[in-house]
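The structure appears right after this line, and notes come after that.
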Amino acid sequence: MPLTVVLAEDSPLMRDGLVGVLTRFGHQVLAAVGDADALITAVREHAPDIVVTDVRMPPDNTDDGLRAAVALRHEHPSLPVLVLSQYIEQSYAAHLLDLGSDTGVGYLLKDRVSAVGEFVDAVAQVAAGATVVDPEVVRQLLNRRRDPLQRLTPREREVLALMAEGRTNAAIARELYVTEAAVNKHVGNILQKLELHLDGHGHRRVLAVLTYLRG
């Protein structure tokens with residue numbers, strides 16, 4: 001389904017590339033800007049379906065893009081936001097996920113953009129209300145929680161990582177070449193061992209898993 005997008009990226013080459021990819025897949029880029037202040041202005045003017053923004057941008061070249069995204073989410077709680085980062089910063093992902101809304105949110109490394117299909121799929125998922133977190137970030141979060149995760153079997157840890165990436169049970173089954181019934185059993189074991197009580201809402205399921213991993 002075509003989406004309207006406001007894009008913020010300070011590198012002209014990267015910005016043009018992202019515009020080209022989004023346009024090629026049928027989406028409409030309403031504005032493509034190079035700094036955080038212009039991002040806020042563009043969103044207020046165009047009211048897009050989703051914002052895609054870099055983390056580090058002018059004017060301060062620190063986390064201006066992230067701070068703009070957080071400010072926009074407070075101003076427009078239903079606005080889906082996908083943040084791109086050059087490096088793994090767990091605090092950036094945590095900051096976004098702590099906004100406490102059921103609206104879509106995503107955190108991807110820029111390397112993921114080179115896998116065009118994955119990037120475009122992430123845009124669509126976030127716009128639809130899902131939570132999408134880069135697999136490398138998920139792996140780092142897993143590594144931080146070694147002790148509690150010792151309760152899990154290697155296969156259950158694989159399933160937990162895919163859950164945290166936002167995969168459905170059916171998608172996990174395809175990824176691991178097992179039946180969906182087997183995945184359902186693994187998920188039940190994981191929730192029991194880690195004392196996670198989740199409802200059926202996919203977004204909240206991912207948030208709950210990530211909250212546990214970050215804890």
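If you're wondering where the values come from, they're calculated on a predicted model, not measured in any experiment.
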[X] side, atom [atom1]; [Y] side, atom [atom2] - distance, nearest 0.5 Å:
X	Y	atom1	atom2	answer
L82	F119	CG	CZ	6.0 Å
E45	L30	CD	CG	9.5 Å
N184	N189	CG	CG	11.0 Å
H46	Q28	NE2	CD	9.5 Å
R56	L66	CZ	CG	10.5 Å
T179	K185	OG1	NZ	10.0 Å

Using every non-hydrogen atom in the two residues, find where [X] and [Y] come nearest and quote the distance to one decimal.
X	Y	answer
V132	A122	CG1-CB, 4.1 Å
P2	G26	CB-O, 3.4 Å
T53	A69	CG2-CB, 4.1 Å
G65	A36	N-CB, 4.4 Å

Whether the side chain of [X] engages the backbone of [Y] through a donor-acceptor N/O pair (distance < 3.5 Å, no angle test) should be reported.
X	Y	result
N169	V183	no
D60	P58	no
T4	D49	yes
R157	L152	yes

inquiry  = side-chain contact (heavy atoms from CB on, under 4.5 Å) for D35 and D64? Distances and angles first, verdict last.
reply    = CA-CA 8 Å; D35 64 76; D64 299 72; over 6 Å; no
message = Run the salt bridge (charged side-chain N to carboxylate O under 4.0 Å, His left out) test against D111 and tell me which residues pass, sequence neighbours left out.
response =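 Not a single residue meets the salt bridge (charged side-chain N to carboxylate O under 4.0 Å, His left out) criterion with D111.
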Non-hydrogen side-chain atoms of [X] and [Y] separated by less than 4.5 Å:
X	Y	answer
V105	R73	yes
E175	I172	no
V33	M57	no
R24	V116	yes
V178	H186	no

Distance-only donor-acceptor pairs under 3.5 Å for side chains of residues 5-13, two or more places apart:
residue	atom	partner	partner atom	Å
E9	OE1	K110	NZ	3.0
E9	OE2	S11	N	3.0
E9	OE2	K110	NZ	3.4
S11	OG	M14	N	3.3

message = Apply side-chain contact (heavy atoms from CB on, under 4.5 Å) to residues L72 and V81 and explain how you reach the verdict.
response = CA-CA 9 Å; L72 286 167; V81 173; 5.6 Å; no
Step-by-step side-chain contact (heavy atoms from CB on, under 4.5 Å) determination, R44 to T41 = CA-CA 5 Å; R44 289 172 177 168; T41 299; 5.7 Å; no
task = With side-chain contact (heavy atoms from CB on, under 4.5 Å) as the test, would you mind laying out the steps for E75 and V43 before giving the verdict?
result = CA-CA 10 Å; E75 191 174 316; V43 170; over 6 Å; no
